[in-house]
Structures are given as structure tokens and as C-alpha cells.
Amino acid sequence: MNQEKKPDEIYCPSCSKPIKKDAVVCPRCGVQVKELKTSVETMAMTPEEEIEEGRKQLGGVKILMWWNVIAIGIVCVIYFFIGIVTSITEEDPMNFLIVIFAIFIFGIFSIPAIFALSGIKNRKLYTVNLVRVLLVLTMFNIPVGTIIGAVLWSRINHPLAKKYLNYSG
């Protein structure tokens, strides 16, 4: 009984039976027909290259955290100058106290971003979870935050970024 080869088949080099073109191993004799292609991420990397790649993955997260700290700092400076101007022109110390309270509230909002930056620099375990929380807040607070958050979410969950931060969870 002679088996005919179909257009989407090739012959096995060992048993000479027709098999599918995309087969890696012959189903009849078990001989490897072609090499399995591997992606770039699964290629062997040295530990130094893994650390460097993990650090690169966290670059966007660091930029977002710095942007948060700088934006909050600018808002605090603006409120401070508004408080000084209103207290001088209206001679009402209550305006200045309200502005100082607003600066205090904005300062509290910058603390998590500073902790995240410190955690990335010192490669701390808590950084992954803290950045995830800050990304969720970013998704709600910034108009394009959903796009930014989704991109950075995949970067913070990258296996090499987690390895860089010594995160095992």
C-alpha cells in the first residue's frame, strides 16, 4: 500500500512516511524532523544580561514615578506662592494656612512615588506591589493613564524585572 504525499506534508528522513510540514518529531518513529524555534526571551542569558534587561524594563516605571514627584512638587510651589500673595494682599492668615494644608496633602501624595523610586534603586521586594497600586491610581487619575498603566503593568510583571527586584510572588 503506497501512501501519497499531500501538499502540506513532507517525508520523514528516517521512516520515509509522509508527515505534516509543521511537525517537529515524526509521530511514527519519533525522529526529530526539524529544530524547534525559540523566541529571543527564552534564549540563555548571562546573569549580568538578565539584571540589565530587568533594569531596562523598569525604566518607564521610574520615569512615571519621577513625573509624579515633579508634578506634585510644581503644584506645591504654585500653592505656596499663591498663599504668600494672598496673605500679603488680603492680610488674611487663614488663606495662608489653607495653602499650607494643601501643600501638606500634596506632599503625602508624593511619598508613595518616592518609596517606589527608592525601592527600584535598592532592588526591594515591596516595589512590585507598590508600583502596581500606583499604576492602578494612575489609570484612574490621568486622562491617558489607562494606556500608560497597561504598558507599565506588563513591564513590572516581566519575569526579568521581577528577578531584578528579587520578587518571587
Side-chain angles (χ1 to χ4, degrees), residues 1-75 105-169:
M1 188 187 275
N2 191 5
Q3 292 183 348
E4 289 290 321
K5 182 182 89 134
K6 296 177 185 161
D8 64 336
E9 292 181 330
I10 59 172
Y11 287 110
C12 172
S14 177
C15 66
S16 300
K17 305 276 183 189
I19 58 171
K20 296 263 185 215
K21 277 187 179 178
D22 59 346
V24 177
V25 177
C26 177
R28 292 177 186 83
C29 64
V31 171
Q32 184 174 350
V33 178
K34 64 180 176 182
E35 263 190 62
L36 183 63
K37 300 206 183 228
T38 58
S39 68
V40 175
E41 286 187 14
T42 59
M43 293 176 64
M45 297 175 80
T46 65
E48 293 82 18
E49 290 173 336
E50 288 180 351
I51 288 173
E52 184 64 25
E53 180 62 28
R55 192 181 61 75
K56 284 180 185 177
Q57 290 292 327
L58 295 171
V61 174
K62 288 194 283 189
I63 289 171
L64 178 68
M65 295 305 133
W66 273 112
W67 184 80
N68 284 342
V69 170
I70 291 171
I72 289 170
I74 290 172
V75 169
I105 295 299
F106 280 113
I108 288 174
F109 286 135
S110 68
I111 290 173
I114 293 170
F115 275 140
L117 285 168
S118 169
I120 290 171
K121 181 180 178 194
N122 298 326
R123 299 173 63 184
K124 297 292 183 181
L125 296 173
Y126 67 83
T127 307
V128 175
N129 292 329
L130 178 62
V131 168
R132 286 177 182 163
V133 169
L134 292 174
L135 287 176
V136 169
L137 292 174
T138 300
M139 288 181 197
F140 289 121
N141 293 331
I142 300 175
V144 291
T146 306
I147 298 167
I148 294 169
V151 170
L152 295 180
W153 189 275
S154 65
R155 287 185 167 215
I156 195 70
N157 288 328
H158 192 276
L160 293 177
K162 287 181 178 179
K163 188 173 184 178
Y164 176 79
L165 294 171
N166 303 315
Y167 184 78
S168 60

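What you are looking at is a predicted structure, and each value in this text was computed from that prediction instead of being measured. Heavy-atom basis, side chains included; hydrogens, waters and symmetry copies ignored.
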Check whether any side-chain heavy atom of Leu64 sits under 4.5 Å from a side-chain heavy atom of Leu135, and report yes or no. yes

Heavy-atom count check: over 12 atoms from other residues, nucleotides or ligands less than 6.0 Å from Ile147 CD1? no

Taken in chain and number order and not counting sequence neighbours, the residues that satisfy salt bridge (charged side-chain N to carboxylate O under 4.0 Å, His left out) with Lys20 are Asp8

Rounded distance [0.5 Å steps], CG in Leu152 versus CE in Met139: 8.5 Å

Quick one: closest heavy-atom pair of Gly60 and Arg155, and the distance? N-NH1, 3.9 Å

Could you go through the side chain to side chain contact (heavy atoms under 4.5 Å, CB included) check for Ser14 and Cys26 one step at a time? CA-CA 9 Å; Ser14 177; Cys26 177; over 6 Å; no

From Lys163 NZ over to Glu50 CD, what is the distance, rounded to the nearest 0.5 angstrom? 3.5 Å

Hey, does Arg132 have a side-chain heavy atom less than 4.5 Å from the side chain of Asn157? yes

Is there a donor-acceptor contact under 3.5 Å from the side chain of Arg123 to the main chain of Tyr164? yes

dist Leu117:CG -> Asn68:CG (nearest 0.5 Å) comes out at 9.0 Å

Going from CD on Glu53 to CG on Leu58, what distance comes out if it is rounded to the nearest 0.5 angstrom? 10.0 Å

Approximate separation, where rounding is to 0.5 Å, of Ile108 CD1 and Ile72 CD1: 11.0 Å

Output all residues satisfying salt bridge (charged side-chain N to carboxylate O under 4.0 Å, His left out) with Glu49, sequence neighbours left out; order by chain, then residue number. none

Any non-hydrogen side-chain atom of Cys29 less than 4.5 Å from a side-chain atom of Cys12? yes

Could you note down all residue pairs passing ring pair (Phe, Tyr, Trp, His ring centres under 6.0 Å) where residues 106-135 supplies at least one of them, sequence neighbours left out? Tyr79-Phe106

To the closest 0.5 Å, what do you measure between NZ (Lys124) and CG (Leu130)? 13.5 Å

Side chain to side chain, Ile19 and Arg28, heavy atoms closer than 4.5 Å: yes

